[in-house]
Amino acid sequence: MDIIVTGASRGIGRELVKILAGEGHRVLACARSGKKLLELQAEVGEAAQIIPLAVDLGVSDSYDSVAKTVKQLELNPMVLINNAGYLVSKPFEELHANDFEQTFNINVKAVFLLVQALLPFMPKGAHIVNIGSMGGYQGSAKFPGLSLYSAAKGALAVFTECLAEELKDEGIKANCLALGAAQTEMLAEAFPGYKAPLSAAEMASFVADFSLHGSKFFNGKILPVSVSTP
Ligand SMILES: NC(=O)c1ccc[n+]([C@@H]2O[C@H](COP(=O)([O-])OP(=O)(O)OC[C@H]3O[C@@H](n4cnc5c(N)ncnc54)[C@H](OP(=O)(O)O)[C@@H]3O)[C@@H](O)[C@H]2O)c1
């Protein structure tokens, strides 16, 4: 199966690529750091089908460049995992307009525009998985400093519900996984010293399985994936 994973150079995305490529899927792995993607490819080994693509999803022509690669390689993406994310942790009063732009650009706008660019290549039965956060899940515990990040992930969650409705006729499903804490560099930067209940690999194993099989059971859903927050 052809699968696209964004945010593949570290954290949960990197583990996702390892699992999915290890299961024999062809994975287009996207992130800004081409060097880290090549290291990942080398680590997984030549037998695995990983296509590294260095791309900055904060830049407007990036969506077309992913689509161009998909077209050139004649990929049929059955799964798109919008995992790339950006977190700013700052008290509300200290947030600037550029924090707002960056946060919404990567967590929301990039997902809208990447899905638009890739839709022409996604076959019937494809599954779009948007990686949200418990912070953006209505009614969950909230944390100081994460108002912007949580608001962006909330927007992504509602967008996912709308997307599923819009793509009904194309036979493409869309779901949002609102993740709880997993031990990654993003988490360590946001919560220094905090020990998450799950490793990146453990969280990735659930996301990989859900991405492959979850669309049979869920569409347009925002699913909390958390053992740590209410
Ligand atoms: N870890 C947690 O506890 C947790 C909890 C809830 C939700 N999440 C969500 O889960 C996802 C993965 O989180 P993580 O903890 O694994 O994060 P991470 O370690 O910070 O990894 C983020 C990934 O996104 C990529 N990325 C960032 N900006 C990008 C851009 N402009 N263009 C392309 N790629 C970009 C990064 O690669 P480059 O720097 O090479 O571009 C990296 O591969 C995120 O959406 C995050 O919000 C995580």
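On a predicted model such as this, the values are computed, not experimentally measured, just so you know. When a ligand or atom number is given, it counts from 1 through the structure's own listing order.
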Heavy atom of the protein closest to atom 8 (N) of ligand 1 (residue, atom name, distance): Y149 OH, 3.6 Å
Which residue and heavy atom of the protein sit nearest atom 15 (O) of ligand 1, plus the separation: T184 OG1, 2.5 Å
Worked check of ring pair (Phe, Tyr, Trp, His ring centres under 6.0 Å) between F191 and F143: CA-CA 10 Å; F191 297 100; F143 295 96; 5.7 Å; yes
Any F210 side-chain heavy atom under 4.5 Å of L223 side chain: yes
From CG (L167) to CD1 (I128), nearest 0.5 Å: 5.5 Å
Distance-only N or O hit between ligand 1 and A181, under 3.5 Å: no
side-chain contact (heavy atoms from CB on, under 4.5 Å) assessment of F206 paired with V225: CA-CA 9 Å; F206 174 80; V225 185; 3.7 Å; yes
Distance filter under 4.0 Å to V55 heavy atoms, resulting ligand 1 atoms: 32 (N), 33 (C)
S9 N/O to ligand 1 N/O under 3.5 Å: yes
Atom indices of ligand 1 within 4.0 angstrom of G58 heavy atoms, with elements: 31 (N)
Pair R10 + E189: basic N to acidic O under 4.0 Å: yes
Within reach of ligand 1, part of K36 (heavy-atom separation under 4.0 Å): neither
Residue and atom name of the nearest protein heavy atom (relative to atom 10 (O) of ligand 1), distance in Å to one decimal: I131 CG2, 3.3 Å
Per-atom contacts, ligand 1 versus D56 - under 4.0 Å to a heavy atom: 30 (C), 31 (N), 32 (N)
Nearest non-hydrogen protein atom, atom 6 (C) of ligand 1: L179 O, 3.2 Å
G180 near ligand 1 by a heavy-atom separation under 4.0 Å: yes
Neighbour count above 12 (heavy atom, 6.0 Å) for Y194 OH: yes
Close approach of A8 to ligand 1, heavy atoms, under 4.0 angstrom: yes
Donor on one side chain, acceptor on other, N130 and T160, under 3.5 Å: yes
Aromatic plane relationship, F112 with F159 - under 30° parallel, 30 to 60° tilted, over 60° perpendicular: parallel
Within-shell test, K153 vs ligand 1, heavy atom, strictly < 4.0 Å: yes
S205 vs I19, side-chain contact (heavy atoms from CB on, under 4.5 Å): CA-CA, chis, key distance, verdict: CA-CA 7 Å; S205 73; I19 293 166; 4.0 Å; yes
Contact atoms of ligand 1, heavy-atom distance to G132 under 4.0 Å: 7 (C)
Proximity flag T6 to ligand 1, non-hydrogen atoms under 4.0 Å: no
Matching residue for V88 among D99, N98, L146 - test: side-chain contact (heavy atoms from CB on, under 4.5 Å): D99
Heavy-atom nearest option to atom 35 (C) of ligand 1, drawn from A84, G34, A182: A84
Nearest neighbour in protein (non-hydrogen) for atom 18 (P) of ligand 1: R10 NE, 3.3 Å
I12 side chain reached by I131 side chain, heavy atoms, under 4.5 Å: no
Nearest-contact summary for atom 29 (C) of ligand 1 - protein heavy atom, Å: R32 NE, 3.5 Å
Between T69 and K71, a side-chain donor and acceptor under 3.5 Å: no
Criterion side-chain contact (heavy atoms from CB on, under 4.5 Å) on V207 and L177, from CA distance to verdict: CA-CA 8 Å; V207 176; L177 296 179; 4.0 Å; yes
Nearest neighbour in protein (non-hydrogen) for atom 17 (O) of ligand 1: M186 CB, 3.5 Å
Close approach of A110 to ligand 1, heavy atoms, under 4.0 angstrom: no
Distance filter under 4.0 Å to I12 heavy atoms, resulting ligand 1 atoms: 10 (O), 16 (O)
Set of salt bridge (Lys or Arg N to Asp or Glu O under 4.0 Å) partners for R26, sequence neighbours left out: D2
Close N or O approach (I106, ligand 1; < 3.5 Å): no
Identity of the nearest option to atom 34 (N) of ligand 1, non-hydrogen atoms only, from A31, A178, A204: A31
Polar atom proximity, N107 to ligand 1 (N or O, under 3.5 Å): no
contact_flag N83 ligand 1 heavy-atom lt 4.0 Å: yes
Heteroatom distance test (L57, ligand 1): nitrogen or oxygen, under 3.5 angstrom: yes
Residue of the set N105, L57, I106 for which side-chain contact (heavy atoms from CB on, under 4.5 Å) holds with Y86: I106
Heavy atom of the protein closest to atom 22 (C) of ligand 1 (residue, atom name, distance): G85 O, 4.2 Å
Ionic contact status for E15 with K18, cut-off 4.0 Å: yes
Per-atom contacts of ligand 1 with S33, taking only distances under 4.0 Å to non-hydrogen atoms: 40 (O)
Nitrogen or oxygen of G13 less than 3.5 angstrom from that of ligand 1: no
K68, NZ: over 12 other non-hydrogen atoms inside 6.0 angstrom: no
